[in-house]
Amino acid sequence: MSRPGRSPRPLAGCAVVIAVAVTLAGCGSDDKDSSAKPEVKVTGAYMPAPSMDSMAAGFFTVTNSGGADTLTSVTSDLSDDVTLHATKGGAMEEEKSFAVPKDGTLDFASGGNHLMFEKLTHKPKQGEKVSVELHFAKSGTVRISMPVKSATYSPKTGH
């Protein structure tokens, strides 16, 4: 009921303001992006047969078909000291973690990102398989078997 001489417009104006506020609140963040569960898959893992008894490298690709994640650490029975490294400007730098992009890939390849296994428990030989655990912030632990390939192995050529 409206009072004489007053227009019902102020109430209509309030309804519009409330509707706009509710709409904007829904647009403020994309819940799908921020809460989507990562779906990581590790492929192409290999370790070139190390040339020394104390150090080895490891390579693989993480494919993520879900929300973003982070590779936080790596463990292995081959070494108590497995670290993440990036190659920047030709220099190797240790990294604390690597982002795994939403619906993207994270590559660990010769000349780029790689794992360093130091203080090896033994020198793995070609044909052996090394057990590795990749620890992700959201996906948890992913266990892989990393085959030891020839020291000159290249995934592009297969040698």
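Between Pro124 and Pro50, the shortest heavy-atom distance links the atoms O-CD, 3.5 Å. In terms of heavy atoms, Leu84 sits closest to Ser97 at CD1-CA, 3.9 Å. Thr87 and Gly111 make their closest contact through CB-O, 3.5 Å (heavy atoms, listed as atom of the first residue, atom of the second, distance). The heavy-atom pair separating Ala151 from Pro48 by the smallest distance is O-CB, 3.9 Å. In this structure, Ser139 and Asp69 approach most closely via the heavy-atom pair OG-OD2, 2.6 Å.
Follow the hydrophobic side-chain contacts under 4.5 Å out from Val130 and you never reach Tyr46; the two are in separate clusters. Two different hydrophobic clusters hold Met52 and Val82 under the rule that ILVMFWY side chains link at heavy-atom gaps under 4.5 Å.
Ring-plane geometry between Phe59 and His114 is classed as tilted, the angle between the planes lying from 30 to 60 degrees on a 0 to 90 degree scale.
A distance of 11.0 Å separates CG of Asn113 from CD of Glu93, quoted to the nearest 0.5 Å. With rounding to the nearest 0.5 angstrom, the CG atom of Leu71 is 5.5 Å from the CZ atom of Phe60. Going from atom CG of Asp80 over to atom CZ of Phe117 covers 12.0 Å, rounded to the nearest 0.5 Å. The OG atom of Ser73 lies 10.0 Å from the CZ atom of Phe136; values are rounded to the nearest 0.5 Å. Going from atom CG of Asp81 over to atom OG of Ser76 covers 11.5 Å, rounded to the nearest 0.5 Å. In this structure, the separation between CG on Asn64 and NZ on Lys102 is 9.5 Å, given to the nearest 0.5 Å.
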Contacts table for residues 141-148: side-chain donor-acceptor under 3.5 angstrom, sequence neighbours left out:
residue : atom : partner : partner atom : Å
Thr141  : OG1  : His135  : ND1          : 3.0
Arg143  : NE   : Glu133  : OE2          : 3.0

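Asp77 CG: 12 or fewer foreign heavy atoms inside a 6.0 Å radius.
Looking at Met116 and Met55, their side chains come closer than 4.5 Å, going by heavy atoms from C-beta outward. Counting heavy atoms from C-beta outward, Val100 and Pro38 have side chains that stay 4.5 Å or more apart. Leu78 places a side-chain heavy atom less than 4.5 Å from the side chain of Met47. Residues Val62 and Phe98 are not in side-chain contact: their nearest non-hydrogen atoms beyond the backbone lie 4.5 Å or more apart.
Here the rule is side-chain contact (heavy atoms from CB on, under 4.5 Å) with Thr63, and of Thr105, Leu106, Val42, Asp107 only Thr105 fits it.
The side-chain hydrogen bond (donor to acceptor under 3.5 Å, both in side chains) contacts involving residues 118-127 comprise His122-Glu128, where partners must be two or more places apart or lie in separate chains.
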